[in-house]
Number of protein chains: 2
Amino acid sequence: MSIVLLAKSLGLSISTVSRALNGYEDVSAATRERVVLRAKAIGYRPNPSARRLGAGKTLAIGVILPAAGSTGQAVDSMYSSLLGGVVTEIEPAGYHLLASMQAKHDAARETALFENFIRGGWVDGLLIVRTRVHDARLELARAAKMPFVAYGRTESDQPYAWVDTDNEKAFRLATTRLLDLGHRRIALINGPEEYSFAQFRRRGYVRALASRKLKPDPTWMLHGDLTEGAGHELCRSLLIRRPAPTAFVCATDSMAFGAIAACREAGLSIGRDVSVIGYGNSSLSAFCDPPLTTMEHQVFENGRYVGRALLQLLRKEIQPADVHYLEPVVLVPRKSDGPAPQ
Amino acid sequence: MSIVLLAKSLGLSISTVSRALNGYEDVSAATRERVVLRAKAIGYRPNPSARRLGAGKTLAIGVILPAAGSTGQAVDSMYSSLLGGVVTEIEPAGYHLLASMQAKHDAARETALFENFIRGGWVDGLLIVRTRVHDARLELARAAKMPFVAYGRTESDQPYAWVDTDNEKAFRLATTRLLDLGHRRIALINGPEEYSFAQFRRRGYVRALASRKLKPDPTWMLHGDLTEGAGHELCRSLLIRRPAPTAFVCATDSMAFGAIAACREAGLSIGRDVSVIGYGNSSLSAFCDPPLTTMEHQVFENGRYVGRALLQLLRKEIQPADVHYLEPVVLVPRKSDGPAPQ
DNA sequence: TTGCTTGACAAAAACGTTTTTGTCTAGCCC
DNA sequence: GGGCTAGACAAAAACGTTTTTGTCAAGCAA
């Protein structure tokens with residue numbers, strides 16, 4: 001009954017107070033000021049639930065966090081920074097972030113959860129993270145006319161809003177660097193292949209090889225979870241081949257650390273006998289031994305971009321097709337790679 | 001108008017339909033079943049906004065994510081797993097997680113944000129993370145009669161619900177292990193001292209020393225951000241002292257990795273010349289070189305515990321004083337520590 | 001029979017806003 | 001002076017539920 005009291009204390013009608021507070025033009029400047037002042041004075045805060053019902057808006061952006069790895073017991077830590085960036089932008093506009101989580105790596109359950117999210121009227125907009133090559137979520141969101149921004153691209157014949165890292169360029173750069181160092185047997189330790197980022201990375205890797213007339217060997221492009229364990233396992237399986245790779249490009253720093261462990265177990269010196277490049281420029285990468293050559297990835301900033309884009313989409317200031325932000329990628333050279341051994 | 005249509009299609013009143021769906025006793029079993037069936041058939045989903053307004057509940061749990069480090073540009077990655085655990089539990093009960101973020105390390109702004117969260121009617125309950133020794137947030141939540149669970153203890157004369165790790169025991173175990181290995185000059189590389197966990201860890205360290213009649217030296221207990229950079233810096237400042245420490249107990253694995261880097265730069269062999277113990281059992285700790293001796297910390301599981309406690313508090317099935325869960329801590333011995341050098 | 005209780009449902013109020021539509025006055029033009 | 005417009009505010013409807021209160025018949029005891 002709060003706005004009622006406020007209106008009463010001002011001798012105005014509820015509607016005038018509401019319109020004054022929401023900045024409508026049909027309230028005189030003097031009245032508006034009086035209302036705003038009094039509202040502040042008595043500490044009036046519009047009830048969000050009532051507001052939502054009245055305006056038909058939820059003032060919330062939804063996101064479904066993907067579980068990391070196959071155990072489903074953790075969330076990829078990258079997302080906390082992404083969400084931090086999003087919240088930083090949407091919070092001042094009065095929006096909040098409604099987080100759900102996908103318990104397991106299960107596309108069907110994920111779709112159901114997603115549909116509930118959309119259809120249930122929980123949110124005004126969506127953040128779709130970790131896109132797949134073919135991603136049913138985009139179609140669902142579109143069908144429900146729910147504004148969204150995808151973090152990562154996907155295959156779609158319709159325009160849609162996306163923010164992505166230039167994965168292809170990143171892996172082209174990394175692979176080219178290794179080629180320039182004289183490596184010819186370069187393996188790719190990639191993430192799960194259903195995710196678009198893995199496809200882009202693979203493409204970058206393949207193109208770098210192709211530009212030197214080298215034929216990429218599919219058995220040297222492996223996929224696994226984005227964990228140290230998977231990196232370790234995949235690297236090991238590559239090292240026992242003859243001839244073995246002399247260099248590894250990894251989908252994340254975590255995988256790179258796993259690969260490094262495997263190389264070390266095989267008695268190889270990192271940066272001399274074998275080269276490893278990671279991705280993400282995690283805070284650790286500068287402090288490990290040897291410091292990891294990796295690719296810089298500004299997750300927090302990307303989150304901010306996503307947040308701004310979502311707000312503009314909600315206000316219909318822009319169209320989905322206007323949101324195509326490809327984060328430039330920078331290689332951070334350190335000591336985990338070096339000239340190819342003879 | 002959805003429930004209206006559903007009611008109409010059944011020839012029942014809105015109230016009966018509502019009560020049937022919400023499991024009230026004054027609806028006959030037959031009618032209830034008929035309603036539930038039809039609701040499912042026509043895909044009826046109660047509008048959350050209306051529900052919130054009608055019931056005076058928001059069906060949301062609020063959390064304010066603390067920024068990591070002093071830059072405020074990232075969120076501590078630990079929290080994504082904690083939130084994952086919380087969501088896993090509250091989701092099936094129809095609750096969602098509303099996330100906000102604290103842009104900078106600024107207690108005043110944090111309090112304002114927090115108050116808005118509580119007073120604004122955004123949430124039914126709160127998750128208060130990274131508690132301080134004196135934490136204004138608890139008083140605010142209590143004053144607003146908002147149920148909450150604190151992740152981490154604090155100094156308070158009132159009972160409150162908390163879930164915490166046994167930080168004291170963890171650091172007692174770690175320090176004792178080093179003492180057993182013959183170390184006498186053990187330094188503590190701790191987190192920011194305003195946080196309660198840092199106090200508990202310090203206490204564990206001090207008590208372990210005291211139990212061997214060793215007098216803890218305050219200049220050997222340093223505080224810093226929970227980052228590799230801080231761990232590196234603090235460790236360096238300790239290594240130039242004479243006599244220098246032969247062992248380091250660190251507040252997080254990240255700090256430990258930083259400390260290890262500093263030791264290596266000083267030409268020390270980890271596990272031989274110097275011992276380092278971390279905390280958190282991060283996925284990396286098993287794969288680094290040498291594998292890191294650390295303490296196991298089940299963040300996801302703790303999140304689940306928090307989620308369950310929150311639900312029970314909201315349903316008033318338990319009192320805040322009933323929620324006192326101290327996660328047992330286990331030391332995971334690996335290779336980053338060893339006998340004290342002569 | 002009367003009165004009371006109980007079971008099953010319905011009517012209506014309440015939740016606190018926003019939005020739509022309405023009213024009234026003053027000013028202006030012809 | 002009549003009609004029109006614009007400005008400023010008010011009344012009332014709408015949003016879609018939940019909750020409170022009401023109704024009515026059947027059953028039962030005295």
Side-chain angles (χ1 to χ4, degrees), chain A residues 1-36 38-39 42-60 94-96 116 119-124 314-315, chain B residues 1-36 38-39 42-60 93-96 116 119-124 314-316:
Chain A
M1 238 194 300
S2 231
I3 202 181
V4 176
L5 292 181
L6 177 57
K8 221 166 249 173
S9 90
L10 282 159
L12 288 170
S13 74
I14 296 172
S15 47
T16 300
V17 172
S18 171
R19 297 182 78 77
L21 254 22
N22 287 304
Y24 280 73
E25 285 304 320
D26 61 355
V27 177
S28 74
T31 305
R32 187 198 325 284
E33 198 177 347
R34 210 159 61 90
V35 172
V36 170
R38 177 67 58 87
I42 70 174
Y44 166 72
R45 297 161 194 269
N47 177 311
S49 303
R51 223 170 167 191
R52 293 194 244 238
L53 183 58
K57 290 177 184 177
T58 64
L59 298 177
Y95 278 84
H96 283 264
N116 179 42
R119 289 268 145 70
W122 289 96
V123 295
D124 295 334
L314 288 171
R315 295 186 194 124
Chain B
M1 238 194 299
S2 231
I3 204 182
V4 176
L5 292 180
L6 177 56
K8 222 167 250 174
S9 91
L10 282 159
L12 288 169
S13 73
I14 296 172
S15 46
T16 300
V17 171
S18 172
R19 297 182 78 77
L21 255 21
N22 287 307
Y24 280 73
E25 285 303 321
D26 63 353
V27 176
S28 74
T31 305
R32 188 200 325 284
E33 197 179 349
R34 210 159 61 90
V35 172
V36 170
R38 177 68 58 88
I42 71 175
Y44 166 72
R45 296 160 195 270
N47 177 311
S49 302
R51 222 170 168 191
R52 292 194 244 238
L53 183 58
K57 290 178 184 177
T58 65
L59 297 178
Y95 277 84
H96 284 263
N116 179 43
R119 289 268 145 69
W122 288 96
V123 296
D124 295 334
L314 288 171
R315 296 187 194 124
K316 300 204 199 295

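Labels below follow one simple rule: chain letters A, B, ... track the order of the sequence lines, proteins then strands, and each chain is numbered from 1.
Expressed to the nearest 0.5 Å, how far OG1 of A:Thr58 lies from OH of A:Tyr95 amounts to 7.0 Å. In this structure, CG on B:Leu53 lies 6.5 Å from CG on A:Asn47, to the nearest 0.5 angstrom. Going from atom CZ of A:Arg45 over to atom CG of B:Asn116 covers 5.5 Å, rounded to the nearest 0.5 Å.
Judged as a salt bridge (charged side-chain N to carboxylate O under 4.0 Å, His left out), and not counting sequence neighbours, the contacts of B:Arg119 are B:Glu115. Every residue meeting the salt bridge (charged side-chain N to carboxylate O under 4.0 Å, His left out) condition with B:Arg19, not counting sequence neighbours, appears here in chain and number order: B:Asp26. With sequence neighbours excluded, no residue satisfies side-chain hydrogen bond (donor to acceptor under 3.5 Å, both in side chains) with A:Ser49.
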Carefully, step by step, assess B:Leu21 and B:Leu6 under the rule side chain to side chain contact (heavy atoms under 4.5 Å, CB included). CA-CA 11 Å; B:Leu21 255 21; B:Leu6 177 56; 4.2 Å; yes
Decide side chain to side chain contact (heavy atoms under 4.5 Å, CB included) for B:Tyr44 and B:Ile3; before the verdict, give the C-alpha distance in whole Å, the side-chain angles of both, and the deciding distance to 0.1 Å. CA-CA 8 Å; B:Tyr44 166 72; B:Ile3 204 182; 3.6 Å; yes
Stepwise, does the side chain to side chain contact (heavy atoms under 4.5 Å, CB included) test hold for B:Leu314 with B:Lys57? CA-CA 10 Å; B:Leu314 288 171; B:Lys57 290 178 184 177; over 6 Å; no
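Both A:Ser18 and B:Leu53 lie near DNA chain C, and the one whose nearest nucleotide falls closer to the 5' end is B:Leu53.
Here the side chain of A:Arg38 pairs a donor or acceptor atom with the backbone of A:Ser9 at under 3.5 angstrom.
Using a 4.0 Å heavy-atom criterion, one finds that A:Gly11 contacts the sugar-phosphate atoms exclusively.
Following rounding to the nearest Å, B:Glu25 (CD) and C:dC9 (P) show an atom-to-atom distance of 13 Å. Rounded to whole angstrom, the span from the CG atom of B:Leu5 across to the P atom of D:dG16 amounts to 10 Å. B:Leu12 has its CG atom 15 Å from the P atom of D:dT18, to the nearest Å. Across the protein-nucleic acid pair, B:Asn22 atom CG and D:dT17 atom C1' stand 9 Å apart, rounded to whole Å. At whole-Å resolution of the value, CG in A:Leu10 and P in D:dA10 are 10 Å apart. Between the NZ atom of B:Lys8 and the P atom of D:dG16 there is a distance of 13 Å, given to the nearest Å. Here the P atom of nucleotide D:dT19 and the CD1 atom of B:Ile3 are 12 Å apart, to the nearest Å.
Of the side-chain N and O atoms in B:Tyr44, one or more sit less than 4.0 angstrom from OP1 or OP2 of D:dT17. Between A:Asn47 and C:dC15 there is no side-chain N or O to OP1 or OP2 distance below 4.0 Å. The side chain of A:Tyr24 contributes an N or O atom lying less than 4.0 Å from OP1 or OP2 of C:dT19.
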Atom pairs under 3.5 Å, N or O on each side, protein against nucleotides 11-14 of chain D: can you list them with distances?
{"unit_1": "D:dA11", "atom_1": "N7", "unit_2": "A:Ser15", "atom_2": "OG", "d": "3.3"}
{"unit_1": "D:dA11", "atom_1": "N6", "unit_2": "A:Ser15", "atom_2": "OG", "d": "3.1"}

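Taking every side-chain heavy atom of A:Ala55 into account, C:dT19 is the closest of D:dG16, D:dT17, C:dT19.
When the C1' atoms of four end pairs are superposed on the next four at each end of the helix from C:dT1-D:dA30 to C:dC30-D:dG1, using five pairs per end, the two resulting axes differ in direction by 60°, to 10°.
Shown for residues 26-34 of chain B: no residue has heavy atoms falling under 4.0 angstrom of DNA chain D.
Residues A:Trp122 and B:Gly94 approach most closely at CH2-O, 3.8 Å, considering heavy atoms. Counting all heavy atoms, side chain and backbone alike, B:Ala20 lies closest to B:Arg32 at O-CG, 3.6 Å.
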